[in-house]
Amino acid sequence: MDQLIQIAYLLAASSFILGLKFLSSPETAPRGMLLAQGGMLVAVIATLLNYGIVSYGLILSGIVIGAAIGTLMATKVQMTDMPQMVALLNGFGGLSSALVGGAEYLRAQPNLTPQAVITIALTVLIGMATLTGSLIAFAKLQALMKSAPLLFRFQHGLNFLLFLIALGLFAVLTVAPGTSFAFWALAALAAILGFLIVIPIGGGDMPVVISLLNSYSGLAAAASGFVLSNTVLIISGSLVGSAGIILSQLMCKAMNRSLANVLFGGFGHAETAAQTVAGDSAEKAPPPAQPEVQSATPEAAAEIFKKAKSVIIVPGYGMAVAQAQHTVKSLATLLQAQGTTVSYAIHPVAGRMPGHMNVLLAEADVPYDQLIDMDDINEDFENTDVSLVIGANDVVNPAADTDPESPIYGMPILHVEGSKTVMVLKRSMKPGFAGIENPLFFKPNTLMIFGDAKGTVERMVAALA
Amino acid sequence: MLIFSITLFVLATFLGYELISKVPPLLHTPLMSGANAISGITLVGAILAAGTGASNLSTYLGLFAVIFATINVVGGFMVTRRMLLMFKKSTKKD
C-alpha cells in the first residue's frame, strides 16, 4: 500500500512538471493544466487511502467547504482583479502550510527531535509570513489601504530586531523542542514580520512582491514536505518556489532595480511629495521654462487615426483601472477594418502583476499574436504612425534613457517617442507611480488627451465609426 | 532521510528554473495562478494532519489547513483554466 501511495505521488509530481512544461505555449497550456489537475486528484486520493486516516467525514467536509469557496472566487473574479486574487491564494497556501506545521508540532509531542522541530518551525515561519505579507499586498491592490509605501523611523532596525528574536526562538526550540511558548511566539512573530516586510512596498512594485510571495508559498509547501518526509510536497513546492524567484528576477530586471532595492527602498515614496509640489506650483505662477503640452480632443485624435497606416497600442495599469480593454479592442477593430495594422506593446512591468496586460487583452478577445513583448517591438516604433499610450507612464518615460539623475535611469522602456505621433491618454498631468516628470508629454510629436481612458476611447470609436 | 529530502529539493529547484524560463511573458499570469494551484499540494499534508486524529487541537488545525489548501487548489486551477481559454490566435490567415 505504502509503495502504491509513493507511486501515486511520483505520478502527481510528474504531472506538475509536464503541466509547467506545457505552459511554454498558449496552445498546449490548457492541456498541461488539465494534466496537473489530474495529478493533484491522484495525489489526494492516494493520501486518503493512507491506513492512518481515521476521520474521513472531517476531511471531506473540509474539502467541500474549500472547493465551494475556491469555485466562487475563481468564477466571480474580474480579470482586472487577478493580482488581488493571486495574492490571496498565495496567502492561503502559506497559511495552510503553516497550519500543517502547527498540527505536526502538536502531534509529534513529546518525541520531537531537534531536526523535526527545526523543519516545523521553518514551515510555520515561512507560511505565516507569506500569509500576512499576502494579505497586505491584497489590501493594497484592492485599495483597502493606501498603496503608497508606509515608512517610519527605525523600520529596518525593528525588522532586524524581530529577525534576531526569531533566531533566538529557533535556538530555544532546537535545545528544548517541547517549549510550546517559543513555538507559538515564533508563529506570531512570523506573522508580524510578513506584515512589516510588505507595508513599505509601493503599488507599482507589486509585480515583484506578488512573484516573491508566490515563491514563498511554494517554499512553505516544500518545507512542510521536509516535516512529513513527503516527496511530492518537496518536489512541487520547490518547482513553485523557483517559478516565483524567476518571475521576481524578471520583474526587477524590467525595472533596472535590485531585489533589495524593491524590498527596502520604499520606492515610489516620492509620489506624494511630487504631487504636493505640483499642487503648490499650480496655485502660484507656472515655472517659466516649462514648455507647454499639446492637448487634443478624442475627435481630433480620430482624424489622425483615419490617416494612420500603423498603430501601436501601449497599455498600462490605467487601462486596467478604467476597465477600458474592451473599448480598446473595439477601437482596434475599427482601425483594422480601414486597413491599419494594429499591434500591442507589452512592457514586462505594465500592470500590477507579471502578464497582467496580456490577460486583460486576451479577455477582450485580442488575439495573442498581436501582443508583442517589449524587446520584439521596440524597433518598430520608428516606422509607426501613431503610438497610443493608455494609462502607462513610467514604462514610456524617455528620461530612463537620457537623464542620469532620474530615479528610473537605466530602466528598459518602450520607445514610443520614435513614432510619428504619440497620443497619451491620461487623467491629468499628475506624475506616475515613480513620481517622476515625463519629458515624453512635452515632445513636439506628443498629443495629450486628458480624461478617463474608457470615455476617451469610446469617443474615438464614435468618431471613427 | 533529511539528505534525501534536500537532494530532491535542490534538483527540483533546478528543474523548475529550467521549465519556468521557457514560459513566455504572455502566460506569466496563468503561470502564477497555476503555480499557486500546484503549491496547494500542501493539501496532502493537510489531509494527513486532519485525518490521523492525534489531539483535538491538531485535528482542527488540520481541518483548517484542508479548507485553505482546497481553496488554493480549486480556485487556482479554475481561474487558470478560465484565463488560458481566453488566449486565442488571430482567426484571419496572414
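Below, read A as the first sequence line, B as the second, and so on, with proteins coming before strands; counting in each chain starts at 1.
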Drop me the distance from [X]'s [atom1] to [Y]'s [atom2], to the nearest 0.5 angstrom.
| X | Y | atom1 | atom2 | value |
| --- | --- | --- | --- | --- |
| B:Leu61 | A:Arg107 | CG | CZ | 13.0 Å |
| A:Met73 | B:Ile71 | CE | CD1 | 6.5 Å |
| B:Ser58 | A:Tyr105 | OG | OH | 13.0 Å |

Checking heavy atoms, do the side chain of B:Phe4, its backbone, both or neither come under 4.5 Å from chain A?
-> side chain
Contact check, side chains of A:Val359 and B:Phe87, non-hydrogen atoms, under 4.5 Å | yes
Does B:Phe9 reach the side chain of A:Leu219, with side-chain heavy atoms less than 4.5 Å apart?
-> yes
Can you tell which of [options] has the highest number of heavy-atom pairs within less than 4.5 Å of chain A?
| options | answer |
| --- | --- |
| B:Leu11, B:Leu43, B:Ile47, B:Val66 | B:Ile47 |
| B:Lys22, B:Arg81, B:His28 | B:His28 |
| B:Val79, B:Ile67, B:Ile41 | B:Ile41 |
| B:Ile6, B:Val10, B:Leu8, B:Leu26 | B:Leu26 |

Among the options A:Ile17, A:Val227, A:Leu72, A:Leu250, pick out the one with the most heavy-atom pairs lying under 4.5 Å from chain B.
-> A:Ile17
Closest contact, heavy atoms only, B:Asn72 versus A:Gly93 = ND2-CA, 2.8 Å
Provide the closest heavy-atom pair for A:Ile246 versus B:Ser21 in the form atom of the first, atom of the second, distance.
-> CD1-OG, 3.7 Å
Return yes if a side-chain donor-acceptor contact under 3.5 Å exists between A:Ser242 and B:Thr13, otherwise no.
-> no
